[in-house]
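In what follows, chains are A, B, ... by sequence order, proteins preceding strands, each numbered from 1.
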Amino acid sequence: MIVLEGRNLTLSYTTRPVIERASLAVRQGEILSLIGPNGSGKSTLLKALCRLMKPESGEVRLFGEDIWKIPTKEVAGKVAIVPQVKHVPAEVTVRDLVGFGRFPHMKFAHSMSREDEMRVEEAIATTKLEKQADRLVATLSGGERQRAWIAMALAQTPQILILDEPTTFLDISHQLEIMETICKLNRESHMTIIMVLHDINQAVRFSDTICAIKSGEIVAVEKAKELMTKERIQALFGVEGAVFEDPEHACPFFIPHRSIDKISKMTNRRQL
Amino acid sequence: MKHHKNNLWILLSLFILCIVFFMLSIMMGAVDITFTEALEAFLKGENTPHLRILLHIRLPRTLVAMLVGSALALAGAILQGVMRNPLATPNIIGVSSGAGLSALTIMILFPSFFYLVPIGAFVGALLTTAMIYTLAWKRGIVPTRLILAGVAVNTVLGAGNNILLSTYPQRVGGVIHFLVGGLSGVGWKDVRMITPYILVSLFITLFFSQKMNILMLGDELATGLGLQVERVRRTLIVLSSLLAGSAVSAVGLLGFVGLIVPHMARLFVGNDHRWLFPTSIFLGSLTLMACDLIARMIFAPVEVPVGVIMSILGGPFFLFILRRQYRGHGHDRS
């Protein structure tokens, strides 16, 4: 079943479109990662899919309905977002922050019911933040903070979780921790996950489907492991390298050797 | 946000202090009226001079001080949040320059319509806010763009004010009172004019306090949580313009309350708007009543404009707050 779908999306910030006539369908229960070089438009596409950005043309359908015609609070009950840029409010504890995740489910008075409090504790437990629950978000480390944002999204009890570069700026163990948490949510709660990732090895290992984007166009939507050949990585990122297989997870991984785009450009310039 | 019980005590103490200063404000002044005298005058209903002073001068004046103080403070608290900028005041959305230009135009060019000054100032404030908002609109409102549009519009309107003031220097004398901001001469007509706008806006704003907290997380997260970001922001800006516009129409350009009181309130109750909004309301009332009392008493029987007292006391206090390592809103890209 298709839960979220973009049809013929053209997206732009100014007059020049960043994404042109792109279509993408996300199936229930899958982990789909968007990859591509900087400036390819993957974050923009992600924003359009969760109504953070209104498309110039085309439409986004959430469970078959036009996402822009569903009340935003209703969307928030089904889709949770962890964006790239977040403001950390002063003097907010982790528990308060996760509590904000209940906002879409609250009535007029905005007071927490017992169910709300239960969901908050659940989300804190899932992200293993019990010890930090009463600390100020501003005092947490990068990894803990990212987990707090994910906990807030989980308190929304969404069916679809959308993350924009959830592992960027984290060290390798915290990156892994975040990815494992996300994977667990997908396996145990059958949550559909859509995210932008920069690390192709991470994307291939943890996703079911990969959507590769280059200069505003979707160039491939495929099973993660099939996409991983050195020719295709080279075409997508302009990086020469080799693909090996990690026997532990039976998963291909890519080792970069050199970036060819820039080198050829430099030699071109010298010739000119 | 965990000190709910503490905050409740702070709010209660502020409320009691408001009552105390309300009593002081109607009893003290050029003529001191003791509590028993006041009570007697009220109960007997005799037309004594004291009762006349109480009813026609001190009571409306104190009520205006309360209303204006709370309105300006709340308007400041709203805008500091909406703009995510600790320096935001109602001036940013053009309230002062708009109210100033229309009031000066009436006072200098059409002095026979002097009675229209309050309503003119009010309309001028709201129109200027609308203009700044429209100019800043481009697929939605970004706080920075709103601030910049505000600076631009304020500059142009300020030039208009200066043209008026320099073209008619002989009429400036009558205008000073409005420019400095003061409570002398306010009466029941002012109370009647501003009460409905201020009370309704205060009440509606309190319902937006949790939405304000969500808005502080940034536009994308707030949208993700199901907040209609653009609509909430517009409503809050209109509310603050109504609040500050009403205040300015009654007392002139009394800007500083809107900047400093929300910061005092933050020191007491922190940044949770469910506490910050009500605290700003009480603290604003209290501050303006206290400053007005000082303004009346310090060189009695001569009165100092309350705006002057606010600035002299407020400036150093603001520095004190800054020194206390004021923690603003962080930014996260992790």
So for [X], is it side chain, backbone, both, or neither that comes closer than 4.5 Å to the heavy atoms of chain B?
{"X": "Ile162(A)", "value": "neither"}
{"X": "Arg51(A)", "value": "both"}
{"X": "Val79(A)", "value": "backbone"}

Check: residues 70-78 of chain B side-chain donor-acceptor pairs under 3.5 Å, at least two apart:
| from | atom 1 | to | atom 2 | distance (Å) |
| --- | --- | --- | --- | --- |
| Ser70(B) | OG | Met66(B) | O | 3.1 |
| Ser70(B) | OG | Leu67(B) | O | 2.9 |

Closest heavy-atom contact between [X] and [Y]?
{"X": "Gly224(B)", "Y": "Ala76(A)", "answer": "O-CB, 3.3 Å"}
{"X": "Leu225(B)", "Y": "Pro104(A)", "answer": "O-CD, 3.4 Å"}
{"X": "Thr223(B)", "Y": "Thr72(A)", "answer": "O-OG1, 3.8 Å"}

(request) Determine which residues belonging to residues 28-49 of chain A lie within contact range of chain B, meaning some heavy atom pair is under 4.5 Å apart, and list them by number or answer 'none'. (result) Lys47(A)
(message) More than 12 heavy atoms of other residues, nucleotides or ligands under 6.0 Å from CD1 of Ile19(B): yes or no?
(response) yes
(message) Can you confirm whether more than 12 heavy atoms, excluding those of Phe15(B), are under 6.0 Å from its CZ atom?
(response) no
(request) Can you measure from CG (Leu52(A)) to CD (Glu220(B)) and round to the nearest 0.5 angstrom? (result) 5.0 Å
Side chains of residues 197-207 of chain B: which donor-acceptor partners sit under 3.5 Å, not counting sequence neighbours?
| from | atom 1 | to | atom 2 | distance (Å) |
| --- | --- | --- | --- | --- |
| Ser201(B) | OG | Tyr197(B) | O | 2.6 |
| Thr205(B) | OG1 | Ser201(B) | O | 2.6 |

(request) Using a 4.5 Å cut-off on heavy atoms from C-beta on, say whether the side chain of His87(A) contacts that of Leu221(B). (result) no
(request) Could you tell me which residues satisfy side chain to side chain donor-acceptor pair (under 3.5 Å) with Ser173(A), sequence neighbours excluded, listed by chain and number? (result) Asp171(A)
(request) Begin from the C-alpha positions of Leu227(B) and Lys73(A) and carry the test side chain to side chain contact (heavy atoms under 4.5 Å, CB included) through to its verdict. (result) CA-CA 7 Å; Leu227(B) 190 76; Lys73(A) 229 175 172 171; over 6 Å; no
(message) Using the rule given for side chain to side chain contact (heavy atoms under 4.5 Å, CB included), can you reason through Leu97(A) versus Leu217(B), listing the C-alpha separation, both sets of side-chain angles and the distance that settles it, and then say yes or no?
(response) CA-CA 9 Å; Leu97(A) 186 83; Leu217(B) 299 174; 3.9 Å; yes
